[in-house]
Visitor: 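Handing you this structure, nothing more for now.
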Amino acid sequence: MSDQVAATPHLDALIIGAGFSGMYQLHCLRDRLGLSARVLEAADGVGGTWYWNRYPGARCDSESHSYSYYFSDELLEEWEWSERYPGQAEIMRYLNHVADKFDLKRDIQLGTRVSAARYDEAANLWHVETESGAGYSATYLITAVGCLSSANVPDIPGLDSFAGQWVHTGQWPHEGVDFTRKRVGQVGTGSTGIQAAPVIAETAGHLTVFQRTANYSVPARNAPLTEEFKRWCHEEHDEIRAVLQDTPNGHPFRIADRKVFDVSASERQEIYEKAWEKGGLQFRASFQDLLADKAANDTAAEFLKGKIREVIKDPETAAMLADIDHPYAAKRPPIDTGYFEAFNRDNVSLVDVRKNPIERITPKGIVTADGVEHELDVIVFATGFDAMTGALLKLGVTGRDGQSLADAWYAGPVTYLGLQSAGFPNMFTITGPGSPSVLCNMPVPIEQHVEWITDCIAHMRANGIARIEPEAEAADRWVAHVNEAANATLLPLAKHSWYLGANVPGKPRVFMPYAGGMKRYRDICDDIAAKGYEGFVLDGAAGDATAGDFAAADSADSPGI
Ligand code: NA7
């Protein structure tokens, strides 16, 4: 940390990241609590993950009327989405509209990447330094860096020697990539790869998809919104908000009450067919036990594998695409527009890199273990992210007694409610590991976290409380509860899931998001605040060390899936 810090501006709150979460946090702290607050953002614009993910076909899988802030009726009334799912460009227009409407940009410093954040115990302040050497101090540090913002480019030998162009979907060039008549290799078949492949195939000379883990996908059935639906959204936003806040995943649909084996095989087939026709993430809401009972899940898995075999004309390709090794929705379930159909095109082929791994990259292309050199002009890495912890650890955070966040989390992230870590006073994280975050329609947990943090800071200021952090025991109990919640579902059965950190070599295998459901989580957070921030240490005074019988705070929710 340079000497510059001492002479630099002091703020009540410093927020890192200007996506959905950082923007709303700024609004709450500055405009509701009247604090001095500033956002530092690495990108040259607001938008967070949507600023970077400009790849072909980039679109949100949440339905647009739910992928919105719900804190402002005025905003809900004036904004109109055009399609069932919002595309990247439309989301960027929306977030810029919000930033302008609430006059946020004057306190958002763009092009500013944080390189270090150090807690100074004597002064009870956070000192933050940026890559350009500028420094700030702040009483509260709020990390709003997103769960999926640290791109995972696989360490494949020879990548530097590649003579063509390579890109990662999460760092897509603003000027775009011209695939016309080019030989394109796409590595990765997660939600991103499944969106990108059919669009790339439209202009590429040839597209080779390198698949490590075959994936389920349900058609999105995207379409322009009708005037009637738009009117309904305006008229019923209170009702929509109530549903979003009442469902385990913050989506605008309810999970059916029925169980898979409560109905006959033919009824089940009909239910799946209807859900397939309707399209989207709602498919997993067809039955309440799809993520709890393996035999129940198998019925959905078989239905979806059957659809793949039906669509794909070449039996060998169909077999590779339907050879799925995990229960349906145990990994984040993609939705698509013409993904499987793309493999029926003459200019698209599939390589199974589970059986035949990528060995190296040469100037000409990708060499697989069978010795074949796949000649390419462009490589697209749709290989995901160092999710949930990657971007946080890159901030270079050091807490009390010089302990780094990386050391504190060496065996996996340890948080209380996903919001705070012991030893890092007054540092709050929005959608951190241990929160429901990525298992939900993101704006819902984001609004909840931001409002909880805002209320907590308001409580501190009203009561003269200078610092807050969790008791180590409360955080340990929360981690145990997060594991318990995951183990009550089929989610841990997906061994190659980024929920577990399994996609990044060397990363501790810990189930990171809270699978107990958003509604249950909200109730737990409210209960803890109502009990005087039970499980937190306020100004050095520990609360009730026995706090945190989280299972007892259970509601009638089904697991958050
Ligand atoms: P994901 O879901 O992590 O998918 C990444 C894909 O890339 C997945 O198929 C991976 O296979 C594959 N991958 C990763 N590394 C390699 C290497 N080294 N070789 C071959 N294949 C590899 O990321 P997305 O960007 O698609 O989606 C992330 C989230 O963004 C999504 O869930 C939504 O919430 C939005 P694997 O499955 O690890 O075997």
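In each ligand, atom 1 is the first atom listed, and ligand 1 is the first ligand listed.
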Visitor: Does the side chain of Thr213 come under 3.5 Å of the side chain of Arg354 through a donor N or O and an acceptor N or O?
Guide: yes

Visitor: In terms of atom number and element, which parts of ligand 1 are under 4.0 angstrom from non-hydrogen atoms of Leu148?
Guide: 29 (C), 30 (O), 34 (O), 35 (C)

Visitor: Is the shortest distance from a heavy atom of Val187 to ligand 1 less than 4.0 Å?
Guide: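 Flag set, Val187 near ligand 1.
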
Visitor: Need the ligand 1 atom indices (1-based, order shown) with element for anything under 4.0 Å from a heavy-atom of Phe385.
Guide: 25 (O)

Visitor: Run down the list Gly190, Ala196, Ala387 and name the one with the heavy atom closest to atom 4 (O) of ligand 1.
Guide: Gly190

Visitor: Any non-hydrogen side-chain atom of Trp498 less than 4.5 Å from a side-chain atom of Met512?
Guide: no

Visitor: Which atoms of ligand 1 have any heavy atom of Gly188 under 4.0 Å away?
Guide: 6 (C), 7 (O), 9 (O), 12 (C)

Visitor: Would you please classify the geometry between the Phe287 ring and the Tyr272 ring as parallel, tilted or perpendicular, with 30° and 60° separating the classes?
Guide: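 Rings of Tyr272 and Phe287: perpendicular, over 60°.
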
Visitor: For Asn356 and Asp370, which I'm curious about, is there any donor-acceptor pair between the side chains at under 3.5 Å?
Guide: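 The answer is yes; a qualifying pair exists.
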
Visitor: Which of the atoms in ligand 1, numbered in the order shown and given with their element, are less than 4.0 Å from a heavy-atom of Lys331?
Guide: 36 (P), 37 (O)

Visitor: Quick one: CE on Met320 to NZ on Lys355, what's the gap to the nearest 0.5 Å?
Guide: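 It is 8.0 Å, given to the nearest 0.5 Å.
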
Visitor: Looking only at heavy atoms, is any part of Phe210 under 4.0 Å from ligand 1, and if so is it the side chain, the backbone, or both, or is it neither?
Guide: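 The answer is neither; Phe210 stays 4.0 Å or more away.
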
Visitor: Can you see whether Thr389 engages Lys507 through a side-chain donor-acceptor pair at a distance of less than 3.5 angstrom?
Guide: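 Note: Thr389 and Lys507 side chains meet the donor-acceptor criterion.
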
Visitor: Check the orientation of Phe283 and Tyr328. Use parallel for under 30°, tilted for 30 to 60°, and perpendicular for over 60°.
Guide: perpendicular

Visitor: Of the protein's non-hydrogen atoms, which lies at the shortest distance from atom 31 (C) of ligand 1, and what is that distance?
Guide: Ser191 OG, 3.6 Å

Visitor: Quick one: look up the protein heavy atom nearest atom 39 (O) of ligand 1 and list residue, atom name and how far away it is.
Guide: Thr213 OG1, 2.4 Å

Visitor: Which atoms of ligand 1 have any heavy atom of Thr189 under 4.0 Å away?
Guide: 6 (C), 8 (C), 9 (O)

Visitor: What I want to check is whether the side chains of Gln195 and Thr337 have a donor and an acceptor closer together than 3.5 Å.
Guide: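 Distance-only check fails for Gln195 and Thr337.
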
Visitor: Specify the protein heavy atom at minimum distance from atom 23 (O) of ligand 1: its residue, its atom name, and the distance to 0.1 Å.
Guide: Gly384 CA, 3.1 Å

Visitor: Answer with side chain, backbone, both or neither: which part of Thr192 has a heavy atom less than 4.0 angstrom from an atom of ligand 1?
Guide: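 Looking at Thr192 and ligand 1, atoms from backbone and side chain both fall under 4.0 Å.
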
Visitor: Pairs of nitrogen or oxygen atoms closer than 3.5 Å, one from Thr169 and one from ligand 1: do any exist?
Guide: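 In this structure, Thr169 places no N or O atom under 3.5 Å from an N or O of ligand 1.
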
Visitor: Select the closest option to atom 3 (O) of ligand 1 among Trp498, Tyr55, Phe381, judged by heavy-atom distance.
Guide: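 Among Trp498, Tyr55, Phe381, the closest heavy atom to atom 3 (O) of ligand 1 comes from Trp498.
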
Visitor: With a 4.0 Å cut-off on N to O distance, would you call Asp61 and Arg332 a salt bridge?
Guide: yes

Visitor: At a non-hydrogen distance cut-off of under 4.0 Å, which region of Pro154 contacts ligand 1 (side chain, backbone, both, or neither)?
Guide: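 Side chain only; the backbone of Pro154 stays clear of ligand 1.
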
Visitor: With a cutoff of 4.0 Å, is Arg354 in contact with ligand 1, counting heavy atoms of the residue only?
Guide: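 Per 4.0 Å heavy-atom rule, Arg354 contacts ligand 1.
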
Visitor: State whether a side-chain donor-acceptor pair under 3.5 Å links Lys519 with Thr247.
Guide: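 There is no such pair (donor and acceptor under 3.5 Å, judged by atom type) between the side chains of Lys519 and Thr247.
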
Visitor: Any chance the side chains of Asn441 and Ser62 put a donor and an acceptor closer than 3.5 Å?
Guide: yes

Visitor: If the cut-off is 4.0 Å to any non-hydrogen atom of Arg332, which atoms of ligand 1 fall inside it?
Guide: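 In order of numbering, the contacting atoms are 31 (C), 32 (O), 33 (C), 34 (O).
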
Visitor: Which value, rounded to the nearest 0.5 Å, describes the distance between Asn249 atom CG and Met518 atom CE?
Guide: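 So the gap between those two atoms works out to 10.5 Å.
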
Visitor: Just to confirm my output: which protein heavy-atom neighbour is closest to atom 17 (C) of ligand 1, and how far is it?
Guide: Arg212 NH1, 3.5 Å

Visitor: Relative to atom 6 (C) of ligand 1, which among Ser437, Gly193, Ala382 owns the nearest non-hydrogen atom?
Guide: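 Heavy atom nearest to atom 6 (C) of ligand 1 belongs to Ala382.
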
